[in-house]
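Have a look at the structure below before the remarks.
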Amino acid sequence: MSEYRAVKGTKDIFPDEITSWKYIEGVIHRVVGLYGFQEIRTPVFEYTDLFQRSIGSTTDIVGKEMFSFRPEPDGRSVTLRPEMTAGVMRAFLQANLFSASPVHKLYYIAELFRKERPQAGRQRQFSQFGAEMLGASSPEAVAEVIDMMMQVFTSLGVSGLRLRMNTLGDFDDRVRYREALRAYLEPHSGLLDGPSRERLEKNPLRILDSKNPDIQSVIADAPKLHDFLNPSAKEEFDQVLLYLDQKSIEYVIDPFLVRGLDYYCHTAFEVVSPELGAQDAIGGGGRYDGLARELGSKSDIPAVGFAVGMERLLITMEKQGLLRHIVPSGPRVYIVLQDEGLKTHALSAGDLLRRSGIRTEMDLCGRSMKAQMREANRQHADYALFVGKSEVESQVYGLKNLRTSEQDFLSIREVIARLASSTKHVDVPDGGLD
RNA sequence: GUGAUUGUAGCUCAGUUGGUUAGAGCGCCAGGUUGUGGCCCUGGAGGUCGGGGGUUCGAGUCCCCUCAUUCACCCCA
């Protein structure tokens, strides 16, 4: 084995897997386009304080999971983006997009970085597909965003997902609830573990989604956020649920669902996959009306968004057998060469075919005909084109259909005429570039 | 950061209470068929047994250290 290996928590994606990625990406581009979302690409790194400000400095992501460095010894610290929302919002504000038009629908498929211990469904470099609706966060907008996310899953054939819904209320609701929760938990603080006790001070809501059974039993009787919601927040949430009902989107209400990033408010949601291990959240999101102002905007900008873990999606699809039928398409023609002396003929035949748009492969290392045929098979070529002495003399070549084993003798021009008419393009994802 | 798990051929894995030359299947290469693939048959290549140290006449096997992997906590998509 080589002395060098990929950095912990990173992995290589080889051609066979790329086919699956392209397929999934193609479906995403297509579905999201149906909803009028447009792609945005932002830099992989941003100034560190952008993330501190937006995600929240008490979160683990900011506290201990960021890859940060200083390009200049005494310059500003920058960080490999651990999520996309902050960067998208920054770009949006920087370009003054909100004065160009009131609502912007943006999406991305992007690489993210978090310094966590790798585990099933968790890497240090991973990729998320996500969307941000900026300028609207009405119940309709929230429902549309959730609908779009679920539509991507159904278009991919993914089944068995569970959508969990909750509302976090507005800022004041949460302040009041936080105090009530703290008051309830404080007498039980002996039962809490170290990290939870710390959170009791800084961010008690986060204790709610602890997996520790002891803590869960304490939480069971804790005050519920629902009882602290102001009437309009409640009404808005009910509206969202109503729209989901109308769209026949199934969900369960989970009063303990809290998001890990501080900028969320009101509706929060999460989708869990039955095929994943402990890291079973395949997607999640919510409203974040306060983020724009947090990042220096003079006015509030209503916003909703979500993110889906691409690797987790891939694992889920793999386990559900949804990727089995996706095979890379082979070349149209594999040129089989009788002996090396005819190399130039084979090469020029190959040039002609390729220039006519026919995907053509040939042996580049002087292998036997048998080996060349095996290679043609391995690559799932449709045809073998034989270049031998008699062909070169007569200018008529054997073209063998490798599925049916039928063989015809044709001039190169005839070969092109036959194959170019039925050229197939399988590996271009639909909805790609058009 | 914490706890556990597993490291033997390109891949998936056997390898007995420590014993002589470390195996299988798949894959790869070649031949059987010197101008035609898939199936079949035959042969071949490929291993510092993760690395280092120790115990022993003898270590893939036992002990220690180390590196890596995987899973879980945590966190999150």
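Not measured: the values here are computed from a predicted model. Note: hydrogens, waters and symmetry copies are ignored here, and every other heavy atom, side chains too, is used. Every chain is numbered from 1 and lettered A, B, ... according to where its sequence line falls, protein lines coming before strand lines.
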Practice problem: Give the intermediate values and the outcome of salt bridge (Lys or Arg N to Asp or Glu O under 4.0 Å) for residues Glu270(A) and Arg164(A). | Solution: CA-CA 5 Å; Glu270(A) 188 168 285; Arg164(A) 297 157 59 200; 2.9 Å; yes
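- Atom pair Arg81(A):CZ and rC76(B):C1' shows a separation of 17 Å (rounding to whole Å applied).
- For Arg312(A) and rC76(B), the shortest distance from a side-chain N or O to OP1 or OP2 is not below 4.0 Å.
- Within 6.0 Å of CZ on Phe256(A) lie more than 12 heavy atoms contributed by other residues, nucleotides or ligands.
- On the P atoms, rA24(B) is 11 Å away from rG43(B), given to the nearest whole Å.
- Atom NZ of Lys115(A) is separated from atom P of rG1(B) by 9 Å (rounded to the nearest Å).
- Just one of Phe129(A), Tyr108(A), Tyr107(A) meets the ring-ring contact (aromatic ring centres under 6.0 Å, His included) condition when paired with Phe306(A); it is Phe129(A).
- Ionic pairing of Lys22(A) and Glu25(A) is not present here: no N-O contact between side-chain nitrogen and carboxylate oxygen is shorter than 4.0 angstrom.
- Summarising the local packing, CZ of Arg413(A) is surrounded by 12 or fewer heavy atoms from other residues, nucleotides or ligands at distances under 6.0 Å.
- Other residues, nucleotides and ligands contribute at most 12 non-hydrogen atoms within 6.0 Å of the NZ atom of Lys343(A).
- rC71(B) and rA14(B) have their C1' atoms separated by 24 Å, given to the nearest Å.
- Between the side chain of Gln320(A) and the backbone N or O of Ser159(A) there is at least one donor-acceptor pair closer than 3.5 Å.
- Taking atom C1' in both rU20(B) and rC57(B), the straight-line distance is 13 Å, to the nearest Å.
- The residue from Glu116(A), Glu311(A), Glu65(A) that alone fulfils the salt bridge (charged side-chain N to carboxylate O under 4.0 Å, His left out) condition with Arg122(A) is Glu116(A).
- Here the P atom of nucleotide rC76(B) and the CD atom of Gln279(A) are 10 Å apart, to the nearest Å.
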Secondary structure of RNA chain B per the Watson-Crick/G-U criterion (both distances under 3.5 Å; [ ] crossing, | other strand, . unpaired) is ((((.((..((((.....[...)))).(((((.......))))).....(((((..]....))))))).))))....
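- Nucleotides rU17(B) and rU42(B) have their P atoms positioned 33 Å apart, rounded to a whole Å.
- Side-chain nitrogen and oxygen atoms of Gln119(A) include at least one within less than 4.0 Å of the OP1 or OP2 phosphate oxygen of rA72(B).
- Each of Lys64(A) and Val271(A) was matched to the nucleotide of RNA chain B holding its nearest heavy atom; the match closer to the 5' end belongs to Lys64(A).
- Between rU48(B) and rG7(B), the two C1' atoms lie 15 Å apart (nearest whole Å).
- Nucleotides rG47(B) and rA22(B) are separated by 9 Å at their C1' atoms, to the nearest Å.
- Residues from residues 122-129 of chain A that place a heavy atom under 4.0 Å from any atom of RNA chain B, listed by number: Arg122(A), Phe126(A), Gln128(A).
- Summarising the geometry, the separation between CG on Asp16(A) and C1' on rC11(B) is reported as 12 Å, rounded to the nearest angstrom.
- If you find the closest nucleotide of RNA chain B to Arg367(A) and to Val308(A), the one lying nearer the 5' end belongs to Arg367(A).
- The two atoms that bring Ala346(A) and Ile335(A) nearest to each other are O-CD1, 3.7 Å, heavy atoms only.
- Phosphate contact (OP1/OP2 of rU69(B), side-chain N/O of Lys8(A), threshold under 4.0 Å): present.
- Ring pair Phe237(A)/His226(A) is tilted by interplanar angle, where 30° to 60° counts as tilted.
- Nearest heavy atoms, Val304(A) versus Tyr288(A): C-CE2, 3.6 Å.
- For the C1' atom pair drawn from rU8(B) and rG51(B), the interatomic distance equals 14 Å after rounding to whole Å.
- The main-chain N or O of Thr48(A) is never found under 3.5 Å from a side-chain atom of Ser77(A) such that the two would form a donor-acceptor pair.
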With sugar-phosphate taken as primed atoms, P, OP1 and OP2 and all else as base, the protein-contact string of nucleotides 32-47 of chain B at under 4.0 Å (heavy atoms; B, S, -) is B--BBBB---------
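- Between the C1' atoms of rG50(B) and rA68(B), the separation comes to 7 Å (whole Å).
- Summarising the geometry, the separation between CE on Met317(A) and P on rA77(B) is reported as 21 Å, rounded to the nearest angstrom.
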